[in-house]
2 protein chains.
Amino acid sequence: MTAPADSARRSAEGHVVPYWRRIELALRARIEGLTPGDRLPSDADLCSEFGVSRMTARNAVTRLVEEGLIVRVSGRGTFVAEPPAHRRADRLLTFSHEMRRRGRVPSSRLLAREIRPSSATEAAALGLRASEPIVVVRRLRCADDEPIALETAVIIQSVAAAVLAADVEHGSLHEALARAGWHLRRGTATIGAAAASPEDARLLGLRRGDPLLVERRVIADTHGRRVEATESRYPADRYALDVQFDVEPDTDRETR
Amino acid sequence: MTAPADSARRSAEGHVVPYWRRIELALRARIEGLTPGDRLPSDADLCSEFGVSRMTARNAVTRLVEEGLIVRVSGRGTFVAEPPAHRRADRLLTFSHEMRRRGRVPSSRLLAREIRPSSATEAAALGLRASEPIVVVRRLRCADDEPIALETAVIIQSVAAAVLAADVEHGSLHEALARAGWHLRRGTATIGAAAASPEDARLLGLRRGDPLLVERRVIADTHGRRVEATESRYPADRYALDVQFDVEPDTDRETR
DNA sequence: TTCGGCAACCAGTATAGACGGGTCGGACCG
DNA sequence: CGGTCCGACCCGTCTATACTGGTTGCCGAA
């Protein structure tokens, strides 16, 4: 038989949790306690440890490799990778988690929270009809009381109740959404730069015209529904993003 | 046996070309002629078309999914994805290709090309000993004669001959390196912002202090050797990067 | 005509086994 | 003592098969 009808494979919400997921989580936890360069179990080790076939074990490992947490070296083994110096642009973790990961103390100041009709741009980003109502949450995010980001989140009205009830100064907006049953999963970001407006400058403690790193994200939930569009504005000298990239195969020049 | 000892499986350099690679390239070409939302062959179709097992076909498809070219929808099929508006931060393609993709005419102006000892920062980025010699190529990249990027590439000395011989104003630096046997494959980028220096401003046609998007890349070849470190400085209003991201799994509980 | 159910598809997950080529340490030989 | 070769390991690739759950279109019954 193949997938054992093992009842413990179901999560709280009743979804089936694949075997590779358990292995992935176990490895993720194990990596926490290791240092870069340390060796991880081989494919064969994982097979016997978790009682799965090699393809299944490799599936779990492959995900961590793509995430950049570990590297596979053919003929030698699998090793813990060097962590990036900044937040990875292709991962999104809550501001609080990210700052704590870097040993800093996060805090937030709520600047505004309101329901209003969406602008044309906002409606387009979330795939709404023009001027359909949205919830806006605007926060100043700090680390060790130093302003790091000016963040404006625009959220679809269906989750208004959860957003308005949440403690967005001390808790995570995404955690509040998750509790309301909206599990955010993937998204697309556009990264650019801009000059600080007078308001940016005042809130972030800069001078007008100072360079900002601007990240615009549209985040969708598990079912692909666009839930949130956020703009984060970071002072250039306090924030950067890392990303791993592949060189486009030059072979017979595939472009796009 | 399993992998047929098919002699056509070897590339010009003698590497074995996996089956999934051929399928990947075939699909990549096919996608060119399709529009977003179009359906691609199912796993089963690919199996019979290319005469491989399903795991192999899926391997090829999975790579394109990760690249964001296509999306898989369980129960329905695989579809061409919406292309990003800007260059994807997690792909690197030559400046010329990228501009042509957007229907613009690329050109370059060579500002400097020299061999000199590396600075401490440069040596660290490339993993060299301090002040080991490097080749520096500095170019102004334009589209339709509008300056788009100020690019400074720092390259290890082993490839100096190829770099000095290359026509870097009309040809691609990476193509020159590829002809010399150095196949660049992966890298890490750090994305930030900065204010234009007087020199930036002069070359890019900006005012001093205007915001720039700054991308610093370290690129390695197929064997993991770091070959090139490049800094690109883009005027904020003429360039942006796109990236797809995953939301970090909510620490402890895996739900979803 | 509409609605319910079924069959055909389709991707997701999983098994078990196999060969290839790279890496590395130890045994063996000169 | 040094160099070479071999075998143990390990990742990369590939085959063949199978069950699950979601989607869709079609057909027949109400």
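Each chain gets a letter, A, B and so on, in the order the sequences are listed, and its residues count up from 1. Predicted, not measured: the structure shown is a model, and the values here were computed from it.
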Just so I know, are the side chains of [X] and [Y] near enough to count as touching, which here means a heavy-atom distance under 4.5 Å?
X	Y	value
B:Leu177	B:Glu228	yes
A:Val52	A:Leu46	no
B:Glu151	B:Arg217	yes
B:Leu34	B:Leu40	yes

For the residue pair B:Thr35 and B:Asp38, confirm or rule out a side-chain donor-acceptor distance under 3.5 Å.
->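 Yes, a side-chain donor-acceptor pair sits under 3.5 Å.
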Residue whose closest nucleotide on DNA chain C lies nearer the 5' end, B:Met55 versus B:Asp43 |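 Its nearest nucleotide lies further toward 5', so the answer is B:Asp43.
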Output the single nucleotide from [options] whose closest atom is nearest the side chain of [X].
X	options	value
A:Ser42	D:dC10, C:dA14, D:dT13	D:dC10
A:Arg39	D:dT13, C:dG12, D:dC10	D:dC10
A:Pro18	D:dC11, C:dA14, D:dT15	C:dA14

Can you tell me how far [atom2] of [N] sits from [atom1] of [X], to the nearest Å?
X	N	atom1	atom2	result
B:Phe50	D:dC14	CZ	P	13 Å
A:Tyr19	C:dA16	OH	P	11 Å
A:Arg58	C:dT13	CZ	P	16 Å
B:Phe79	C:dA11	CZ	C1'	11 Å
B:Asn59	C:dG12	CG	P	13 Å
B:Leu64	C:dA11	CG	C1'	16 Å
B:Leu46	D:dT15	CG	P	13 Å
B:Asp45	C:dA8	CG	P	17 Å

Within the distance-only criterion (no hydrogens, no angle test), does the side chain of A:Asp45 pair as donor or acceptor with the backbone N or O of A:Ser42 below 3.5 angstrom?
->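 A pair under 3.5 Å: yes.
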Compare side-chain N and O positions of [X] against OP1 and OP2 of [N] and report whether any pair is under 4.0 Å apart.
X	N	result
A:Thr56	C:dT15	yes
B:Arg72	C:dC10	no
A:Ser53	C:dG17	no

Walk me through it: do B:Phe95 and B:Ser232 pass the test side-chain contact (heavy atoms from CB on, under 4.5 Å)?
-> CA-CA 11 Å; B:Phe95 183 83; B:Ser232 296; over 6 Å; no
Using a cut-off of under 3.5 Å, enumerate the N/O to N/O pairs linking the protein to nucleotides 23-27 of chain D.
| residue | atom | partner | partner atom | Å |
| --- | --- | --- | --- | --- |
| D:dT23 | O4' | B:Gly75 | O | 3.3 |
| D:dT24 | OP1 | B:Arg76 | NE | 3.4 |
| D:dT24 | OP1 | B:Arg76 | NH1 | 3.3 |

base_contact_polar (C:dA11 base, B:Arg54 side chain, donor-acceptor, <3.5 Å) =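 Pair found.
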